[in-house]
Amino acid sequence: DPGETFTITLSAPTGGAGLGSPTAATATITDVPLPFSGTYTVGSGGNYPSLTNTGGIFEAINLAGATGNTTIDIISDLTGETGAHALNEIAGGFTVLIKPSLLPRPGEEPASARTISGVSTNPALIKLNGADGVTIDGSDTGGTNRALTVTTSNTGGTVIWIASASGSNGANNNTVKNCIISGNTGTVIIGGILTGSGSVLGNDAEAANNNITIQNNAIFRVQNSVYLRGSLAATDTGALVVGNDFGSSVAADRNIFRGMLIGNQSAPCAVRGNNVTGVYSTAASTSKMTGIQTAFILESCMIEKNKITDLRQTNPGTYGATGIDITSTSSPTTDPGVTVKNNFVSDINHHMTGGAAFSTTFGIFGIQIEAGTNHSVHNNSVNLFGDIGTAATNLLSAAFGVNSTTNTGLDVRNNIFANNKAGGTAGTTVAHVAVYLPTGGTAAMNLTHNKNSYYNGTDATKQGVGQRGATADSPNLG
């Protein structure tokens, strides 16, 4: 049996030289499973008791390898996962499917919804460490229902970490779909799904993690629902984030930093059809709240058909909030940037009591271009309204904003930019406008700004179509 030991003792040979010492050794029987192929059950009464613990199926697959595609059926709640073992690369190009089983639990109807949870001392509850071809599918029917919940209470970690194992071994062709992913009740963790470095959580990937799909998940009670950070040396390709729900309208389940961030990616790349609702800072946070943020290097990526609403920076000292925040550049800068089209952004706000926020850092923006060139902004609808806190001085909000004259080659057309915010002390530096443009802009910016519709309030002292630069006085406010 596995773990059993026995002693081997050598006898002196007949004639010839005598034996040295020692003459005895203890051997331990180790159970090495056959290579995996087919379907295996994990949970109470299954083939394996756990997914990530010692003695679980990840450890076994890493040891035995595979000779065929493998399906892991979760047949009961796994409430004691520790994340002790990641799933490593499997030789042979075989796939792994992890899903809730259709087999019923006694006395339950419907019977197949499952929970994977635990207190991981590692940075992730589930880590794909250079593993390829892994699908975590929360549907128990092969459809789009969400029947798998994955949670952790490690405030310094993430639920799922898709990581490059080395500079030559990225985690490719992996999918997470139809899942409910969050921090445990009462706990806000760093991330729901994170891709990037396999050694330092949140750093650049050592090797590209290509063709990552994140689809139809509900991810909440986190700082970041999704954080995709590719390799800077060779950007990731094939990222697809589609049809997810990030954040929550329930106060206890809101995100506290952003909906998602994507960076170090190149085409094909798409963030499409996601809902970001309920991102609220803590009262002490000084960070900008964002719905969707691009960062680092991002080329020819499509941000489209997303709905972003109910973002709040609640610190009374007045800090920034932006619905779609473009902070990425292309490399070289002559390459295409990001296309932002057919998105709906509304109800972005901050606590204005502190004031001193007439800036592109601490103001409110629906869509903001902070970095990069050759971005396209088409067919979006932005609606800013409402005020939080008491009237203050030095406030800036814009449905659309361009930070710098170095943001050249922008193509902005066929958008609706509406800003009816009215907060602030009359007669002070306050501007609530449809469009913000930088001071000193000339034809050299090569800005195309055509066929857009602008809506603003009627108080000419602080509301207008546009604001130029960081002084809210005529002729800058108009």
Side-chain angles (χ1 to χ4, degrees), residues 58 62 86-98 123-124 126-136 157-177 190-215 217 224-242 244 260-272 274 292-303 326-339 371-372 374-375:
F58 278 9
N62 293 340
L87 182 63
N88 298 329
E89 183 180 29
I90 301 171
F94 301 110
T95 63
V96 174
L97 170 62
I98 302 170
I126 297 174
K127 182 180 181 182
L128 306 183
N129 186 44
D132 304 322
V134 179
T135 297
I136 302 174
T158 186
V159 179
I160 298 172
W161 185 8
I162 302 174
S164 48
S166 69
S168 59
N169 184 14
N172 300 300
N173 306 309
N174 295 309
T175 297
V176 181
K177 62 181 181 179
I190 288 178
I193 301 172
L194 184 146
T195 73
S197 168
S199 57
V200 180
L201 192 72
N203 274 16
D204 290 344
E206 289 82 7
N209 300 312
N210 294 322
N211 302 319
I212 304 299
T213 297
I214 299 170
Q215 182 175 358
N217 303 284
N224 309 266
S225 289
V226 170
Y227 188 96
L228 304 181
R229 185 165 179 174
S231 169
L232 185 59
T235 53
D236 296 5
T237 64
L240 177 62
V241 182
V242 58
N244 301 280
M260 67 163 289
L261 180 144
I262 183 168
N264 290 342
Q265 310 277 339
S266 56
C269 167
V271 178
R272 179 183 302 122
N274 302 285
I292 296 173
Q293 181 180 351
T294 69
F296 316 118
I297 302 297
L298 200 64
E299 297 179 349
S300 302
C301 189
M302 190 75 67
I303 313 293
I326 307 301
T327 67
S328 57
T329 62
S330 52
S331 180
T333 56
T334 54
D335 285 356
V338 177
T339 296
N374 305 319
H375 303 307

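The figures that follow rest on heavy atoms only: side chains count, while hydrogens, waters and symmetry mates do not.
Contact annotation: the side chain of Val96 never approaches that of Thr135 to less than 4.5 Å [non-hydrogen atoms, C-beta and beyond]. Within the 4.5 Å cutoff, the side chain of Asn224 has no heavy atoms near those of the Met260 side chain. You'll find the side chain of Ile262 reaches within 4.5 Å of the side chain of Cys269, heavy atoms only. With a 4.5 Å cut-off on side-chain heavy atoms, Ile126 and Phe58 count as touching. For the pair Val241/Arg272, no side-chain contact is recorded, criterion being any heavy-atom separation below 4.5 Å from C-beta on. Under the 4.5 Å side-chain criterion, counting only non-hydrogen atoms from C-beta, Lys177 is not in contact with Ile214. You'll find the side chain of Leu194 stays beyond 4.5 Å of the side chain of Ile160, heavy atoms only. Counting heavy atoms from C-beta outward, Val338 and Ile303 have side chains that approach closer than 4.5 Å.
In this structure, Thr158 OG1 and Ile190 CD1 are separated by 8.0 Å, a value rounded to the nearest 0.5 Å. Here the straight-line distance linking atom CG of Leu298 with atom OG of Ser331 works out to 12.0 Å at 0.5 Å rounding. Here CZ of Arg229 is found 5.5 Å from CG of Asn203. Values are rounded to the nearest 0.5 Å. The distance from atom OG of Ser231 to atom CD of Gln265, rounded to the nearest 0.5 Å, is 10.0 Å. Rounding to the nearest 0.5 angstrom, the gap separating the CD1 atom in Ile90 from the CG atom in Asn62 is 7.5 Å.
For the pair Ala171 and Asn209, the tightest heavy-atom approach, listed with the atom from each and the gap, is N-OD1, 2.7 Å. Taking both residues in full, the closest heavy atoms of Gly170 and Ala207 are given as N-CB, 3.7 Å, listed atom of the first, atom of the second, then distance.
Between the side chain of Lys127 and the backbone N or O of Gly198, at least one donor-acceptor pair lies under 3.5 Å. Using modelled atom types, no side-chain atom of Ser330 and backbone atom of Gly337 make a donor-acceptor pair closer than 3.5 Å. Formation of a donor-acceptor pair under 3.5 Å by the Asn210 side chain with backbone atoms of Gly238 is not found in this model. Using a distance-only test at 3.5 Å, with no hydrogens or angles considered, a donor-acceptor pair links the side chain of Asn174 to the main chain of Ala131. For Ser197 (side chain) and Val200 (main-chain N/O), a donor-acceptor pair under 3.5 Å exists by modelled atom type.
With respect to Asn264, the side-chain hydrogen bond (donor to acceptor under 3.5 Å, both in side chains) criterion is satisfied by exactly one of Thr235, Thr195, Asp204: Asp204. None of Val226, Val271, Ile326 except one satisfies the side-chain contact (heavy atoms from CB on, under 4.5 Å) rule with Ile292; the exception is Val271.
A side-chain N or O of Asn217 and one of Asn244 form a donor-acceptor pair less than 3.5 Å apart. Side chains of Asn173 and Asp132: a donor-acceptor N/O pair is absent below 3.5 angstrom, by distance only.
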Checking Leu201 against Trp161 for the side-chain contact (heavy atoms from CB on, under 4.5 Å) test, could you report, in this order, the C-alpha distance in whole Å, the side-chain angles of both residues, the deciding distance, and whether it holds? CA-CA 8 Å; Leu201 192 72; Trp161 185 8; 3.6 Å; yes

Derivation of the side-chain hydrogen bond (donor to acceptor under 3.5 Å, both in side chains) call for Ser164 and Glu206: CA-CA 6 Å; Ser164 48; Glu206 289 82 7; 2.8 Å; yes

Let me see the working for Ile212 and Asp236 under side-chain contact (heavy atoms from CB on, under 4.5 Å), right down to the final yes or no. CA-CA 9 Å; Ile212 304 299; Asp236 296 5; 5.7 Å; no

Please walk me through it: do Gln215 and Thr175 pass side-chain hydrogen bond (donor to acceptor under 3.5 Å, both in side chains)? CA-CA 8 Å; Gln215 182 175 358; Thr175 297; over 6 Å; no

Assess the residue pair Asn211 and Asn172 against the criterion (side-chain contact (heavy atoms from CB on, under 4.5 Å)); give the C-alpha distance rounded to whole Å, side-chain angles, the decisive distance to 0.1 Å, and a yes or no. CA-CA 6 Å; Asn211 302 319; Asn172 300 300; 5.6 Å; no

